[in-house]
Amino acid sequence: MSKALAGVRVLDMTHVQAGPAASQMLAWMGADVIKLEPPTGDITRTQLRDIPDVDSLYFTMLNCNKRSITVNMKSEEGKATFIELLKKSDVLMENFGPGVLDRFGFSWEEVHKLNPKLIMASVKGFGSSGPYADFKAYENVAQAMGGAMATTGFNDGPPSVTGAQIGDTGTGMHFVIGILAALFHRTHSGEGQYVEVAMQDAVFNLCRVKMRDHQRLQHGPLIEYSVPTEGLTDVPRGGNDSGGGQLGNALKCKGGGINDYLYVVVQEAIWPALANLVGGEKLVHDARFAKIGDRRANQKAMWRILNEFASHHTKRELMAIFNEIDVPCGPVLGTEDLANDEHLRARQMYVEIDHPKRGKHFTVGMPVKLSASPAEITTAPLLGQHTDEVLKEVLGYTDEQIAAKRASGAFGKV
Ligand SMILES: CC(C)(COP(=O)(O)OP(=O)(O)OC[C@H]1O[C@@H](n2cnc3c(N)ncnc32)[C@H](O)[C@@H]1OP(=O)(O)O)[C@@H](O)C(=O)NCCC(=O)NCCS
């Protein structure tokens, strides 16, 4: 089967997570992703190592299916090799701090002159324009400034970050969309273009529904929230409220562990069946819960009844019972549950790979399934593992040329 992005060469200067998550996705779609690292390597290779002298899991789980070369961009010989690679590539990706690529001498204007067909793609904390343009950013900075922190957690507690990496990988997925659109545009225009994604913008985009609620506040309280919203100007933290037109919450189940909860959505259509299951005919005809508006007004009482029922069942048992009557629900799966979840395994979402130094370990698989181009997940590279291979294959260098370049400091410290 042919890969969707076969023939696309990506020169990948990204580091940490937002960029690498995106270039890994492109590699899984079949692009030849050449990770161009400083001679010291992507900093995450050495961060939070669980095994001495072995690339961290952070690195190995975000850089699968790539080739690694080292190029010293602060040496003239290194820059010359970089220019040659630029001319042979379709996409250049980077997520350096503001101004780093300009300081190397490779602004978009310069890159576009060197290879007009090349797509250049950047992630920045806040983009290249506006009052925050000069600031660096990490995951939680983006969550704080994109609206996620203010709206996550419980209203009587502090703002919270979410465990999902919406600032980094979330931005990376926006990045992939931009690059794929630019590649498609190039097929008929013949021209490259500049793709930019700001982490704040990406998180804000994911908080769209909270901005819906923000505007609704001008016209009255947010009736679906379990906390009072009358007179507020900021959308409150909604705890585990569903945030949608239907009521939802996490029910505490038998077991008492920190993840022994089942999230349930009380859809209008399933209420009679759910009420019958939980409280029989009496509850079905209880006027406090007759229609969705009644259940909203009396939701505390409704959740008490549902929690009482849940306390007699484990989260898995309750999932089975509720699914029997078509109630949308899901147990809160901890990382141990997830690592052993047969559904995720069957969908190849937690896959074993073999790293040259680490040996066998697991990574999260490809969430986008292409019928004619399924992803085959292979290991992340060692630092500089493919420098010679890429120089020979892509640039046609001889062993002698490589040796001379190496002696000049093009690939290592000068
Ligand atoms: C993530 C971030 C905060 C890290 O900051 P940092 O560690 O100071 O790294 P920077 O990207 O600013 O700088 C990288 C440095 O490595 C150097 N470098 C990078 N690749 C190099 C290479 N191949 N050869 C030589 N030097 C290299 C750069 O020149 C720069 O040094 P300089 O400041 O002397 O110019 C910053 O990169 C950033 O804000 N990125 C944009 C937003 C983002 O993606 N955030 C991370 C999400 S996971």
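We're numbering straight along the sequence, starting at 1. For ligands, and for the atoms within them, numbers begin at 1 and follow the listed sequence.
- Relative ring orientation between His355 and His361 is described as perpendicular, the plane-to-plane angle rising above 60° on a 0-90° scale split at 30° and 60°.
- Scanning the protein heavy atoms around atom 48 (S) of ligand 1, the nearest turns out to be Asp168 OD1, 2.9 Å.
- Figure legend: cation-pi geometry between Arg45 and Phe59, with NZ or CZ positioned under 6.0 Å from the six-membered ring centre and within 45° of its axis.
- Counting heavy atoms closer than 4.0 Å to ligand 1, residue Asn95 contributes atoms from both its backbone and its side chain.
- Residue Ala137 touches ligand 1 through its backbone alone, judged by heavy-atom distances below 4.0 Å.
- Only the side chain of Arg103 comes within 4.0 Å of ligand 1, judged by heavy-atom distances.
- The protein heavy atom nearest to atom 14 (C) of ligand 1 is Phe96 CD2, 4.2 Å.
- In Thr70, neither the side chain nor the backbone holds a heavy atom less than 4.0 Å from any atom of ligand 1.
- Using a 4.0 Å threshold on non-hydrogen atoms, atom 3 (C) of ligand 1 counts as touching the protein.
- If you check which protein heavy atom lies closest to atom 9 (O) of ligand 1, you get His15 CE1, 3.9 Å.
- Heavy-atom distances between Met13 and ligand 1 stay at or above 4.0 Å for every pair.
- Within a 4.0 Å radius of atom 16 (O) of ligand 1, the protein contributes no heavy atom.
- For Gln17, no nitrogen or oxygen atom sits less than 3.5 Å from a nitrogen or oxygen atom of ligand 1, counting backbone and side chain alike.
- Looking only at heavy atoms of the protein, atom 11 (O) of ligand 1 is closest to Gly97 N, 2.8 Å.
- The shortest N or O to N or O distance between Lys124 and ligand 1 is not below 3.5 Å.
- Heavy atoms of Phe135 come nearer than 4.0 angstrom to ligand 1 in no pair at all.
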